[in-house]
Amino acid sequence: MHDLIADMRELLEPSAVLTGEQLGDKYSVDYTGENPHEPLAVLRPKTAQEVAAIMRACHAAAQPVVIQGGLTGLSGGATPRPGEIALSLERMSGITELDASGMTLTALAGTPLQSIQAAAQEAGCLFPLDFGARGSCQIGGAIATNAGGNQVIRFGMARNLVLGLEAVLADGTIISSMSTMLKNNAGYDLKQLFVGTEGTLGVITRCALRLYPRLPSRETALCALKTFDDTVALLSASRRHLTNSLSAFEVMWAPYFDFVTEHVENCDSPFEKRHPIYALVETEGTDSEADSTRLETLLGEAFDGEIVADAAIAQSEAQREAIWAIRDGIAEIARMLTPYASLDVSLELERTQAFLADVDTALKEAFPDVTILVFGHFGDNNLHVFVTTKRHEDLEQIHKITYGITGRYGGSISAEHGIGQLKTGYLHHSRSPAELALMRTLKAALDPLGILNAGRVLEVEDATAA
Ligand SMILES: Cc1cc2nc3c(=O)[nH]c(=O)nc-3n(C[C@H](O)[C@H](O)[C@H](O)COP(=O)(O)OP(=O)(O)OC[C@H]3O[C@@H](n4cnc5c(N)ncnc54)[C@H](O)[C@@H]3O)c2cc1C
């Protein structure tokens, strides 16, 4: 180990290798704060060639490595396990090419998502991947977790925005699949090996991304609803009326909405009365007048059909931000109600209501004082179920109960946050034995020594068992 660190100091510039007191707390845990471990060292390369040299040396020494992006992940994927070296992409940041007419952007993997959004906007384009951690997460981390966020209903997840990738394998081989072409059926689409596989098959070092034209018009409404069926009807009407311009359909159930509007600063309800469910509907397009007419027609029909009980349309950017602040208030709630289980599940729409009823009954039976707050990307069938008793010792049982029910309903235990280390024991609820076996085969083929992000997605003994 000592020799390996000494080799790294020779290979990289001195400030690229951190050990001992230089480490601080920063590299010990991701956003979950669960199971922190100080890495043996942090290596901070600047180029793909340096990443390749690090991986060659670690492979030769059978040294386990954890890849770290912005550490905003919500599944413990970037949190070191005992005995791991951390490979941080924080110094591999920058946009290397932006083609506004071809609508493509090339960036190093450590570039913050927000910098990519800003560069696209400056060039008159849009990079539509967006979520709360935009300022601190890196594009490499967002691709490795196939992050989703607020505009998936229209633009898809990170996977849909990646045209090409460069990655380094566990043995140091550089795979450059940096095509910027929309169409490329020349053999296997190798970049998909690295999208959403949470760093278990390679280190993403560079990416070519797809941009869209900037959308100058945006209309946002908050709707109050009486029932789940009304919410489904509003989603269906929104898809019909707003067609391709529907960019967000976020739903908050009353316990979440009431908690945020009562306890979080600057999150006031625009409604006089309380309602069982709330939907945030947003449309983005190129013609402000036509977009606003379409939204008003949608809401007019929804009122006439008694689908919507009340609605508030944002008349300014400040009002739009005030509506989104309620939806984004979860970050503040998480700080208030820690420790908590933040479940991120996907379900078929028609099974969602029964699923939520079963989860509610089972959790309240197990923990009579439990708080359950549900909200999420309803238009993508993705629910965030926030559960807390404020007792750390209850978390495992909460996960067990909820993921068991998710499996019974044929849902996914991770819609967008990934499996990381925290959900490996539950993956069998959403994947068949044959699917798990194929994952193990891929892992063993690309990382036969099991040194790269071991214990993420697949349990350690699984990963090397193929
Ligand atoms: C406030 C907040 C809101 C969020 N909202 C959403 C949301 O709406 N939708 C959503 O999908 N997610 C959301 N997330 C979680 C989201 O997954 C992460 O923010 C982001 O995708 C991870 O990026 P990161 O750079 O921080 O990665 P990290 O946390 O550092 O790492 C995440 C995983 O990716 C691996 N990894 C990191 N970089 C690389 C790389 N270059 N190559 C290979 N593997 C790598 C790590 O080893 C780890 O397994 C949110 C997080 C926060 C804190």
Side-chain angles (χ1 to χ4, degrees), residues 26-27 29-33 39 45 48 51 55 64-81 84 86-93 107-114 116 129-152 156-159 162 165-170 175 191 193-207 248 250 324 327-335 342 344 346 375-377 380 382 384 414-424 447 452-458:
K26 177 176 165 189
Y27 306 96
V29 71
D30 72 1
Y31 199 81
T32 62
V51 174
M55 289 316 305
V65 175
V66 56
I67 309 164
Q68 294 189 335
L71 287 155
T72 68
L74 298 174
S75 303
T79 299
R81 293 162 65 88
E84 282 181 337
L87 193 166
S88 168
L89 279 292
E90 66 189 353
R91 298 202 315 160
M92 278 183 72
S93 175
L108 299 177
T111 312
L113 172 59
Q114 199 164 35
I116 290 174
L129 186 67
D130 188 41
F131 45 86
R134 64 184 76 78
S136 5
C137 80
Q138 300 175 359
I139 190 65
I143 295 171
T145 55
N146 188 26
N150 300 331
Q151 304 200 85
V152 171
M157 299 180 76
R159 188 185 305 283
V162 177
L165 275 188
E166 175 188 78
V168 176
L169 302 184
I175 301 289
K191 67 177 181 287
L193 287 172
F194 309 105
V195 182
T197 49
E198 303 182 45
T200 55
L201 302 183
V203 187
I204 298 166
T205 47
R206 211 153 49 106
C207 56
E250 301 288 309
W324 271 103
R327 166 61 181 83
D328 290 339
I330 185 59
E332 202 49 44
I333 292 181
R335 265 189 282 275
S342 173
D344 153 52
S346 253
F375 62 100
H377 314 294
D380 315 329
N382 176 190
H384 295 315
S414 174
E416 51 179 22
H417 296 161
I419 300 301
Q421 297 186 69
L422 299 180
K423 299 180 211 161
T424 51
D447 180 15
L452 194 58
N453 271 14
R456 283 83 180 173
V457 183
L458 298 167

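Counting starts at 1 for both ligands and their atoms, in listed order.
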Pairs flagged by side-chain hydrogen bond (donor to acceptor under 3.5 Å, both in side chains) wherever residues 141-151 is involved - sequence neighbours left out: none
Going by the side-chain contact (heavy atoms from CB on, under 4.5 Å) test, name the single residue among Asp30, Val29, Val65, Val66 that passes it with Pro80. Val66
Polar pairs, ligand 1 vs protein, N/O only, below 3.5 Å.
unit_1   : atom_1 : unit_2 : atom_2 : d
ligand 1 : 8 (O)  : Glu416 : OE2    : 3.4
ligand 1 : 9 (N)  : Gly149 : N      : 3.4
ligand 1 : 9 (N)  : Glu416 : OE1    : 3.4
ligand 1 : 9 (N)  : Glu416 : OE2    : 2.9
ligand 1 : 11 (O) : Gly148 : N      : 2.8
ligand 1 : 19 (O) : Thr72  : OG1    : 2.5
ligand 1 : 21 (O) : Thr145 : OG1    : 2.9
ligand 1 : 25 (O) : Gly70  : N      : 2.7
ligand 1 : 25 (O) : Gln138 : N      : 2.9
ligand 1 : 26 (O) : Gly70  : N      : 3.3
ligand 1 : 26 (O) : Leu71  : N      : 3.1
ligand 1 : 26 (O) : Thr72  : N      : 2.8
ligand 1 : 26 (O) : Thr72  : OG1    : 2.7
ligand 1 : 29 (O) : Thr72  : N      : 3.2
ligand 1 : 29 (O) : Gly73  : N      : 2.7
ligand 1 : 30 (O) : Gly69  : N      : 2.8
ligand 1 : 30 (O) : Gly70  : N      : 3.3
ligand 1 : 30 (O) : Leu71  : N      : 2.8
ligand 1 : 41 (N) : Ile204 : O      : 3.0
ligand 1 : 42 (N) : Ile204 : N      : 2.9
ligand 1 : 47 (O) : Ile67  : O      : 2.6
ligand 1 : 47 (O) : Asn453 : ND2    : 2.8
ligand 1 : 49 (O) : Glu198 : O      : 3.3

Across all chains, not counting sequence neighbours, the ring pair (Phe, Tyr, Trp, His ring centres under 6.0 Å) partners of Phe375 are Tyr256, His384
What's the separation between atom CD1 in Ile139 and atom CG in Leu129, rounded to the nearest 0.5 Å? 6.0 Å
Does Glu166 have any side chain to side chain donor-acceptor pair (under 3.5 Å) partners at least two apart in sequence or in another chain, and if so, which? Thr205, Arg206
Name the one of Thr200, Thr197, Leu201 that satisfies side-chain contact (heavy atoms from CB on, under 4.5 Å) with Val457? Thr200
